[in-house]
Amino acid sequence: MPDDITATMARDVAPILAPGEELSVAAIITSADPGATGPVRVGPELGNFVLRLLTLGLVGENTQLMRRAFWGRAVSGPPDSLAHTLHDLIHEASWAKLVLTDRRVIIARGELLGPGSYKFDLVGSLPRTAVVGARPAPKGLMRRGRLELRYADGSTGVVNLLKKQSSVVLRALGG
């Protein structure tokens, strides 16, 4: 049985599904950037942070070091990996949704039309076979609702979801 959020969004997700494709879970992605995406070297990162602090104050962009300290690593793998592909799709979506079906892992752009009524546009997708497993994301201080997805090419990527949905998505992905 689907969770309440998936049940609520099922009708609105239907237009982006292929004929005969079955919805497993529709989840709300709560943060597009769940951690560091590149290598983190303390010296250069501290230099970048100090420069931003002196020129822009604390409102400046976070450094990879701060992202890594708070959230951990968001993506591990080469730039052309499946993990980077999904991470890039999430960044392209406003109010991003993760939609799992029997065939695909879909990133959709959501728009609230009214209470309980959404419109979804397809941003992009990967074949369902591209994701080979999932687990709660390790490391970092702020881990609520974070899942680390493992991909067929050996890369990994973290997705931040609503905490109450993370266990449902984890089960759907075989974690």
- [ ] Find the distance between NE2 (H91) and CG (L86) and round it off to the nearest 0.5 Å.
- [x] 10.5 Å
- [ ] Would you indicate whether the side-chain heavy atoms of L170 and P136 approach each other to under 4.5 Å?
- [x] yes
Open item on the list: Tell me whether W95 shares a hydrophobic cluster with I16, the cluster being built from Ile, Leu, Val, Met, Phe, Trp, Tyr side chains joined at under 4.5 Å.
Closed with: yes
TODO: Measure the spacing between CG of D153 and NE2 of H84 and express it to the nearest 0.5 Å.
DONE: 10.0 Å
- [ ] Answer yes or no: is there a donor N or O on one side and an acceptor on the other, between the side chain of H87 and the main chain of G157, under 3.5 Å?
- [x] no
TODO: Measure the NZ-CG distance between K97 and L100 for me, rounded to the nearest 0.5 Å.
DONE: 14.0 Å
Task: Closest approach of I107 to A93 (non-hydrogen atoms, all atoms of both residues) - done: CG2-CB, 4.1 Å
Open item on the list: Assess the residue pair R104 and V131 against the criterion (side chain to side chain contact (heavy atoms under 4.5 Å, CB included)); give the C-alpha distance rounded to whole Å, side-chain angles, the decisive distance to 0.1 Å, and a yes or no.
Closed with: CA-CA 9 Å; R104 296 183 291 166; V131 178; over 6 Å; no
Open item on the list: Contact between L149 and V159 at the side-chain level, heavy atoms closer than 4.5 Å - yes or no?
Closed with: yes
- [ ] Give a yes or no on whether the backbone of E92 and the side-chain of R109 come within a donor-acceptor separation of less than 3.5 Å.
- [x] yes
Task: Heavy-atom check, side chain of L98 versus side chain of V105, under 4.5 Å - done: yes
Task: Minimal non-hydrogen separation, S155 against A83, with atom names - done: OG-N, 3.2 Å
Open item on the list: Is there a side chain to side chain contact (heavy atoms under 4.5 Å, CB included) between V25 and V99? Walk through the geometry before answering.
Closed with: CA-CA 6 Å; V25 177; V99 179; over 6 Å; no
Open item on the list: Do R150 and T156 make a side-chain contact, defined as non-hydrogen atoms from C-beta onward lying under 4.5 Å apart?
Closed with: yes
Task: Gap between atom CD of Q165 and atom CG of D4 - 0.5 Å precision - done: 9.5 Å
Task: Carboxylate-amine/guanidinium contact E148 R135, below 4.0 Å - done: yes
Task: Closest non-hydrogen atom pair, S24 against D102 - done: OG-N, 4.3 Å
TODO: Let me see the working for T101 and E21 under side-chain hydrogen bond (donor to acceptor under 3.5 Å, both in side chains), right down to the final yes or no.
DONE: CA-CA 7 Å; T101 73; E21 190 171 24; 2.6 Å; yes
TODO: Determine the minimum heavy-atom distance between A108 and V123, stating which atoms define it.
DONE: C-CG2, 4.0 Å
Open item on the list: To the nearest 0.5 Å, what is the distance between CD1 on I29 and CG on L162?
Closed with: 10.0 Å
- [ ] Taking R171 for its side chain and G174 for its backbone only, find out whether a donor-acceptor pair lies under 3.5 Å.
- [x] no
Task: Nearest heavy-atom neighbours spanning S166 and L147 - done: O-CD1, 3.5 Å
Task: Pairwise distance CG(L112) to NZ(K119) - rounded to 0.5 angstrom - done: 13.0 Å
Open item on the list: Side chains of D88 and T85 only: does a donor on one sit below 3.5 Å from an acceptor on the other?
Closed with: no
Open item on the list: Using side-chain heavy atoms (C-beta onward) and a distance below 4.5 Å, is M9 in contact with F120?
Closed with: yes
